[in-house]
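No hydrogens, no waters, no symmetry mates; every other heavy atom, side chains included, goes into these values. In the text below, chain A, chain B and the rest are named by the order of the sequence lines, each starting its count at 1.
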Amino acid sequence: MAVTQQKPTNLDDNEEEEEAGAVAVSTHSPLHGDVLDLTLSHVPLVDLVHAARVSRSWSLAVSSSLRHFRKPKPWLLVHYQSTRSPHVVSTRAYDPRSLVWMDMEVGPGRRQPPAKLASALRSSHSTLLYGVSPARLSFSSDPLHLTWRHASPPSAWRVDPVVALVGSRLVVAGGACDFEDDPLSVEVYDLQAHTWSVCASMPAPLKDTSASVWLSVATDRRRMYVMEKLTGATHAFDPEVGAWLGPYDLRPDHGVFYSVIGFAGDRLVVVGLLGNSEDVKGVKLWGSIAVGADELEEICEMPEELVKELKDDSCRVSSISMCSRGDFVFVCSNSKPEIVFWCEREDASGVWRWGTARDPAARGRSLGQRVAYTCAEVGIGELREAAATGNGRFVVMEGR
Amino acid sequence: MASSRKITLRSSDGESFEVEEAVAVESQTIKHMIEDDCADNAIPLPNVTSKILAKVIEYCKKHVDASKAEDRVNDEDLKAWDAAFIKVDQVDQATLFDLILAANYLNIKSLLDLTCQTVADMIKGNLFPVRNEWLNFTFSIANRELVLVCLTEWVAHRRLFCS
């Protein structure tokens, strides 16, 4: 490695600059300005946290690089929970900006370990992780799921309910045990008052499909949307009023046999599988025409070679899950955990395109584990906070 | 226009290089100069020394040749060639930074991406967060390999840290 060629006199120049109160623009380092910003755009976000601490000019360069050269993109978080006691939870993350997979290391400072969650870990509407047990309801909605809150359990005994966080209210619907009177009962937990209240039950057509395994959930600021994955029938629930709305037909193409719902930014999006489960012919992404409208237009169709990768060896696709934030939609197939499909809206042209990301460690990891997916908008601030509070640190896997 | 037209490039230290037009226009800067008809005599490149210009021309030649042959076969080979071209034993740090500046000035996107990625790889994994408990701030230091880039920054601006 070459020895530094900078001569001591340069340092003297810098001293003079500092004393004169000059702005800290370094012209002595060969990397500065646009070129430094461009170089930093190739550095993964996890390392930019440290790069921003090298000096003030680098701190400015990191901000500038993230704003002008390569913006942060939403991360996909894959949570694995062991099906054996003590049901430890571990997390992997994918950063599409830098194309790296990371393992999340939990610091000793973590106070509320979901690592010991005493119930099945599930995710809802891309941003919520929760576990429901007869003893309590635990949930986390911050981007990196480092803070967990616990609430008293809902009064009905529920095995696999639909859970959603709408504003400051947690909605728990359906999934009630056979012994309960009303399998479609809905309860809402007020996060500020810490109280449960019973609301209007789920619509009757959902009688046999009220568990979260049959329903795809999405939320915007005011409502929870619930879509039956196999029929596409969608209902909406407004927790402030406590009333159900709908049904809406969100399947513009009748060749769809399986669909899931989500929000990308302010826009409602639907991912649908065409054909049948033995022979999937295509995958399409639809989005609402305008904010708040319930009519959908086709956004993007998955290219054939990617659809082939989605099918497993026997060409079946059993189920898919979707996470979406901002201009990104992630689609994962439960039978092929090692591939993640994404659809991104390109800034410049506004055009959406599909791609894949492979996690070679996923197949081995997912054996004997329950998997839940969430999506988070992670920036330098979130990573810094996670490291500072000792709650979590992301470590890049060796090799990509 | 004949595709084998020769263009002369003159480096900052007065050396002339004759290259085919197809190779020269890998640089968007030179391409615009040619289109604006400033290329009858030699094109002066006051920001690029002969040592660096020679390497840039070597890179452009290889990439132009690669795109002529069949794409699929050469993708892997080209990547391997790029890796060898930029390997840090072959190219010392100062040359690497000069190449970045030259690629930026000449506007050769692929070379700029290659060189920036190389430096980015040096940066990531070479920065260590250090917490100074007494002064209650956190800064980063670089290990020996990144001395030229980071240490001068750190030493020069050590008074201007924010936590």
**Asked** chain B heavy atoms under 4.5 Å from A/Leu40: which part of the residue, side chain, backbone, both or neither?
**Response** side chain
**Message:** Only pairs of heavy atoms separated by less than 4.5 Å count here; which of A/Leu48, A/Leu38, A/Asp34 has the most with chain B?
**Reply:** A/Leu38
**Prompt:** Got a sec: does the CD of B/Glu35 have more than 12 other heavy atoms crowding it under 6.0 Å?
**Reply:** yes
**Message:** Less than 3.5 Å apart, any donor N or O on the side chain of B/Asn107 or B/Ser27 sitting next to an acceptor on the other?
**Reply:** no
**Contacting region of B/Asp113 [heavy-atom separation from chain A under 4.5 Å]** = both
**Message:** Below 30° counts as parallel, above 60° as perpendicular, anything between as tilted: where do the rings of B/His63 and B/Trp81 land?
**Reply:** perpendicular
**Request:** Pick out which of A/Arg345, A/Lys71, A/Arg353, A/Lys73 makes a salt bridge (Lys or Arg N to Asp or Glu O under 4.0 Å) with A/Asp327.
**Result:** A/Arg345
